[in-house]
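Following: one structure in structure tokens, then a few remarks.
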Amino acid sequence: MANPSHDGVRQAPSPPPAPPLPPQRPTRKASFPSEAIDSLARIAARQLSYKPPPLGRHRDSSSQQRSDVSLLRRIHLPHVQLPLTAPLKGPLLAPQEPPGILLRKPRADRSVASLVVTFRTGIPIASLDASPDRTRAVIAGRDIFKIIQVTEDCCIEEHNLRAAIVAYSAAHGTAKGGISSKFKIKQSANDVKWSHGSFDRKIATAASNGQIAVYDIDKAGIEWATLHEHNRQVHRLGFNPYNGSIMLSGSQDATVKLWDLRAYSGDSSKITVQSRVSFAGNNDVVRDVRWSPTSEFEFAIGTDSGMIQRWDSRKANAPLLRMRAHERACSSIDWHPDGKHLASAGMDKDLKVWDFSSSDRKMKPSLSLRAPQAIMEARWRPLSWHAGGKGQGSWQSTELVTSLDSNDPRTLVWDLRSPYVPSRVFNQYDSPATCTLWQSENVVWLVGNHGIFTQLELADLPLRKQRMGSNGAIFTPRGHVLHVYCPHEIQNEKNQSTKGSVVEGSPQELADEGSKGGHISSRHDAKPTTSTTAPVFKEDGRPKSFAEPYKSIEDVLGTMDTYLPINDSTAMAVLRVPGLDADRDSFDFLAEHYKPLPAPYQRQASPAFIKELQDILMKNHQLALKARRSLAASNFKLLARVAPKELEKRANANRQLRNITTSPSSSEEALKPQKSPDYVVADFDRPDRDLEDRAPYPLKTASLLATMLKTSIETHQDVQFAVWCIVYLCPWFNVDSEAYSNINVRRNLITEHHAHLKRNGLHIAAKELLKACLFDYPTFAELNPPSTLKVDIVSTPRCVICHLSTRTSLWRWCFKCGHGGHVKCLGPWFSNVERSKGRCPGLGCGCRCSPLPAEEAEEGRKKKVTFGETLE
Amino acid sequence: MGKGIPTADAGPTTTGNGDIKHRSKRDQKPRLLLMGLKRSGKTSISNVVFRKMTPSDTIFLDTTTTIQKEATHTFMDFQIWDLPGQIDYLDRSFDAESIFGGVGAMIWVLDALDNYMETVGHLTDTVFHLQQSYPSIKYSVFIHKIDCLTEDLRDDTVRDITQRITDDLYDVGLENPPISYHSTSIFDSSIFEAFSKVMQSLVPQLPVLESLLDTIGASCHFEKVYLFDVISKIYIASDTTSVDLRAYELCSDFINIIVDLSEVYGWHQETDFHEGEQLAALQAHGAESYVNNIKGYTLYLREINRNLSFIAISKDPAFDREKSLIDYNVGMLRDTLLKVLDYV
């Protein structure tokens with residue numbers, strides 16, 4: 001059984017540069033002086049010493065036969081790994097290989113599954129903590145309470161505390177031969193914490209019923225002390241990192257209590273401790289409690305209503321800072337090693353990083369990530385060396401490991417430098433981890449309800465980045481295209497087999513994957529490594545005695561907004577698509593002013609309609625001229641000359657046909673049914689009669705339209721004109737263009753244009769387009785269903801024009817049809833009488849919500865047939 | 001707060017508080033106050049939660065002008081007083097003792113859509129004055145009508161309101177006032193969830209119930225365990241594991257179905273539809289129902305008494321095999337619960 005007091009047995013084979021100086025305790029008024037000094041001494045000792053692994057057990061002896069150079073070899077320093085591979089540029093100091101060292105299997109033979117070191121118990125494990133020297137783990141759960149020794153490649157059960165307790169209670173307890181219910185209750189552990197310093201033989205567990213049981217490893221079997229002041233479940237315990245006797249407990253009863261294990265009372269059979277301070281959390285279940293790593297007195301709590309609070313243990317009446325961090329319960333918090341930042345994870349799937357050094361209560365999170373499921377636990381990775389490009393690395397702690405709730409068994413590692421996708425994923429079990437812990441900066445320990453203790457090396461998890469495409473592009477509504485190209489070798493499993501040499505050989509890969517730690521960062525193992533729990537930070541958040549470059553979390557987050565080139569060959573380009581953005585002002589102008597044709601559902605070429613068509617085309621011609629769209633302008637003019645005339649001709653022909661054949665069936669063959677016999681084609685003058693005669697070939701509107709569509713879309717990118725023609729003219733003329741005759745092509749064009757209008761905030765133009773397309777492109781209109789704002793409060797009513805919720809600003813609705821919307825949307829619609837004609841903007845709704853004054857008078861006399869009614 | 005059971009002030013058994021003795025026996029029921037400005041939704045809340053009014057019907061509710069006292073007779077008797085918002089209760093002309101004496105919890109309903117500066121001011125005044133005379137009252141602020149806000153606005157609004165209240169109270173010297181915040185809406189289950197939290201603070205036996213449920217949850221491999229009040233769909237206790245809100249919705253839907261079914265196919269306790277022995281056995285056992293395998297979940301319901309039901313969600317694939325054992329365990333729990341809640 002290893003005892004930390006024997007730690008100094010074997011010194012590390014002197015890591016090349018001196019390890020960081022032992023942290024100096026900040027000179028402050030100390031309330032726990034003797035213990036603090038003691039724990040400081042232990043921390044210092046911990047950094048300089050390490051536990052030798054059990055000797056023997058050569059894994060994969062065949063690998064020894066290969067040349068040393070081609071092997072990735074790991075030396076059993078706690079945090080130092082050395083690849084002995086191709087010559088590196090940096091100074092590489094290869095220490096002598098100690099005898100009996102464990103050789104790791106080369107990467108070739110490994111997959112993630114075979115890499116992890118596991119300890120299978122088969123009993124659900126609720127919690128986990130590491131011994132002060134981080135070579136052993138205590139795992140606890142309802143039916144389990146064990147200490148296991150963990151080395152690089154095996155786990156050995158060292159101590160079965162539960163068995164000892166059962167044996168003791170069987171011998172001394174009231175219930176012979178079985179475990180009494182009293183003991184059973186005390187054993188179920190929600191949380192377990194291993195103290196340190198002079199209390200490093202003590203383990204505290206949060207039992208049910210609000211009890212805290214403290215055990216002494218040397219006297220396993222009996223409880224050293226019972227702490228029972230909480231009357232509901234205790235969720236989290238925490239030993240002060242500066243003083244192993246000071247413990248916090250956060251409970252369901254909405255309080256946090258501070259205990260000093262030195263101040264116990266009672267005889268040896270029944271020791272109790274009175275809590276020193278109780279911090280009231282105000283009816284708010286305390287889910288997590290964490291001591292600050294840099295300040296002896298400060299701690300933070302996370303509560304069930306999503307609050308995070310910062311407390312000073314000397315000030316018991318109120319928190320220093322109290323903030324609402326999550327919409328739902330905050331399940332876990334963790335201090336960044338710099339003592340300034342706090343990560344909070346919640347059931348609302350958010351993971352947020354807060355700057356806790358400021359006391360601004362209205363602060364925004366420095367960073368907010370969204371996980372795929374509710375997060376149960378989040379833990380910062382300790383400081384680790386991150387290689388930057390060109391050999392410039394820095395010390396950073398920017399990664400977080402999270403475990404999700406029971407619906408998602410994955411354990412995700414997030415890297416704040418590329419925060420929107422988890423950088424690594426561990427997914428091997430079918431239930432999530434209940435507790436995670438960084439044993440060192442490269443090794444994670446996990447336990448879960450599957451009953452398996454897992455030691456996971458970060459470097460063994462493939463980076464997500466490798467699996468994703470190396471370039472991407474995005475369109476902006478303004479017509480810009482952002483394209484990023486980042487070449488890196490996409491490694492498949494085959495490549496990975498030779499990874500040892502590939503990685504070391506390619507500087508690009510090195511630069512890219514430098515953050516992997518493990519083998520690659522071991523190039524920099526000349527850098528001193530730090531012990532994981534030692535508070536190496538000063539209070540201002542800068543690490544102490546760090547000659548090496550250190551990158552604070554602000555630095556990392558600061559570079560996030562601007563683009564951070566990963567390596568030299570990354571390229572980024574911003575492109576502009578002409579036609580989308582080039583003349584945005586004219587686009588907006590035309591979108592709002594292009595005249596629509598009236599009532600496309602009234603497919604009757606009445607003389608009035610033909611006249612109006614002529615007028616509208618000419619007006620649009622002028623508008624296009626005004627917007628300096630010469631091509632569209634000339635197109636409109638041409639159409640104005642040709643289209644009305646052709647319609648008129650057709651009307652004449654139809655009328656003649658109708659005059660000749662009186663049978664009703666023949667009238668049906670007409671493309672445009674003309675049922676009302678009462679139009680007479682007005683004999684308006686035709687000043688451009690000559691045009692048709694002079695033209696070398698008869699100008700057919702259909703063929704003209706086909707050409708115009710083709711050129712305006714493909715050559716001039718004037719989608720606006722094309723869509724206008726498609727929507728308003730194509731139903732009248734049988735356009736036989738190959739490309740644009742297909743209704744799907746047309747519909748896609750309209751859909752895109754509609755989306756573009758909406759993106760640019762031109763809601764009214766978009767609405768008009770939608771209304772115009774209702775009959776020719778019903779499937780397009782279905783995609784944007786009419787928003788019925790009946791007085792139905794259950795579904796959130798949406799504005800009939802911009803489709804956003806109406807509850808955010810002033811709105812009104814029509815009592816006749818029930819449609820309604822924002823005043824700011826409806827105002828422009830109805831104020832433009834010429835376009836809206838006082839009709840409802842609702843799709844397919846013919847309601848005259850705001851009758852025109854003339855119509856109003858007329859309506860008084862006779863009931864008019866509205867469009868909505870003719871449709872039925 | 002550190003000494004004794006924190007919920008003891010609200011309990012009906014308390015005699016330590018002197019003024020309780022002076023009031024009539026009827027008033028000794030723990031009392032819950034609904035306060036807030038007018039038109040903030042107080043009456044709607046009490047109607048939706050306790051009278052099963054459909055949320056969309058609340059639009060037709062009139063403004064409350066007098067104090068509405070509503071006594072509920074569910075698992076435990078308590079009163080809900082709906083105070084009209086337009087009256088200043090801190091006025092000296094009011095008999096503050098008759099209103100606030102013996103109040104266990106107060107719910108302040110705050111309209112998130114409104115300009116909340118005014119109501120925050122009222123709230124801080126009220127809390128400040130009541131803290132001096134009645135320090136045992138627990139306050140819950142319901143940031144109501146939250147469904148009307150868009151997702152991103154929601155978070156900002158709630159944070160702003162909580163921050164304002166905290167700051168205002170800090171200014172008058174209340175550094176750590178006993179206020180909890182819930183964002184609620186009557187159109188989803190959040191109002192029931194929030195009400196449950198408030199009601200739980202009035203249940204004196206809560207720690208015991210909770211540890212009982214914890215124990216059964218661990219021994220039967222339940223994901224989440226609730227003790228529901230069948231009529232109002234409020235849960236008066238649950239185990240202490242943290243799970244999604246969806247678990248609550250699932251359970252309350254399940255109860256709805258069971259209640260509907262039992263209204264159609266159930267029989268009244270007095271009728272001798274069944275043979276006497278069988279009925280007695282059934283009553284001793286408590287009605288039971290379970291639904292297997294909805295997306296891998298099993299829902300298990302057991303009647304505790306007429307008002308209370310035990311509901312558990314299990315993900316254990318061996319549920320069917322262990323059913324008899326679970327039945328036995330829950331039976332034991334049922335007996336214990338009845339003892340704890342003084343029904344036996």
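Reckoned from all heavy atoms, side chains included, excluding hydrogens, waters and symmetry mates. Protein chains get the first letters and strands the later ones, always in sequence-line order, with residue 1 at the start of each.
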Q. In terms of heavy-atom pairs under 4.5 Å with chain A, which of B/Lys315, B/His182, B/Arg154 leads?
A. B/Lys315

Q) Can A/Asp284 and B/Lys197 be counted as an ion pair, charged N to O under 4.0 angstrom? A) no

Q) From B/Arg159 CZ over to A/Glu327 CD, what is the distance, rounded to the nearest 0.5 angstrom? A) 11.5 Å

Q. From B/Ser211 OG over to A/Gln252 CD, what is the distance, rounded to the nearest 0.5 angstrom?
A. 11.0 Å

Q | Greater than 12 external heavy atoms within 6.0 Å of B/Asp171's CG | A | yes

Q: Measure distances from B/Thr162 to the heavy atoms of chain A and classify the residue's part below 4.5 Å as side chain, backbone, both or neither.
A: side chain

Q.
Please rank A/Gly210, A/Ser275, A/Ala318, A/Ser305 by heavy-atom pairs under 4.5 Å with chain B and give me the top one.
A. A/Ala318

Q.
Counting only non-hydrogen atoms closer than 4.5 Å, does A/Met323 touch chain B with its backbone (N, CA, C, O), its side chain (CB onward), both, or neither?
A. both

Q: Apply ring-ring contact (aromatic ring centres under 6.0 Å, His included) to B/Tyr139 and list each qualifying residue two or more places apart in sequence or on a separate chain.
A: none

Q) Which region of A/Arg322, side chain (C-beta onward) or backbone (N, CA, C, O), has a non-hydrogen atom less than 4.5 Å from a non-hydrogen atom of chain B, or is it both or neither? A) both

**Q.** B/Asp155 and A/Lys352: CA distance, side-chain angles, deciding distance, salt bridge (charged side-chain N to carboxylate O under 4.0 Å, His left out) verdict
**A.** CA-CA 13 Å; B/Asp155 210 22; A/Lys352 293 178 179 174; 3.7 Å; yes

Q.
Using a 6.0 Å cut-off, check whether atom CE of A/Met363 has over 12 heavy atoms from anything other than its own residue.
A. yes

Q | Region of B/Leu174 in contact with chain A, defined by heavy-atom distances below 4.5 Å | A | neither

Q | Structural part of B/Ser183 lying under 4.5 Å from a heavy atom of chain A | A | side chain

(Q) Report which part of B/Ser219 has an atom under 4.5 Å of a heavy atom belonging to chain A: side chain, backbone, both, or neither. (A) both

Q: Let me know if B/Lys145 has heavy atoms under 4.5 Å from chain A in its side chain, its backbone, both or neither.
A: neither

Q.
Is it the case that over 12 heavy atoms from other parts of the model lie below 6.0 angstrom from the OH atom of A/Tyr429?
A. yes

(Q) Which atoms of B/Asp167 are under 4.5 Å from chain A, going by heavy atoms: the side chain, the backbone, both sets, or neither? (A) both

Q) Can you check side-chain contact (heavy atoms from CB on, under 4.5 Å) on B/Asp239 and A/Gln233, steps first, answer last? A) CA-CA 9 Å; B/Asp239 64 336; A/Gln233 179 74 49; over 6 Å; no

(Q) Do A/Arg324 and B/Gln163 have side chains that approach each other closer than 4.5 Å (heavy atoms only, starting at C-beta)? (A) no

Q | Non-hydrogen atoms of B/Thr240 and A/His235 that approach each other most closely | A | O-CE1, 3.4 Å

(Q) Any non-hydrogen side-chain atom of A/Lys364 less than 4.5 Å from a side-chain atom of B/Asp156? (A) yes

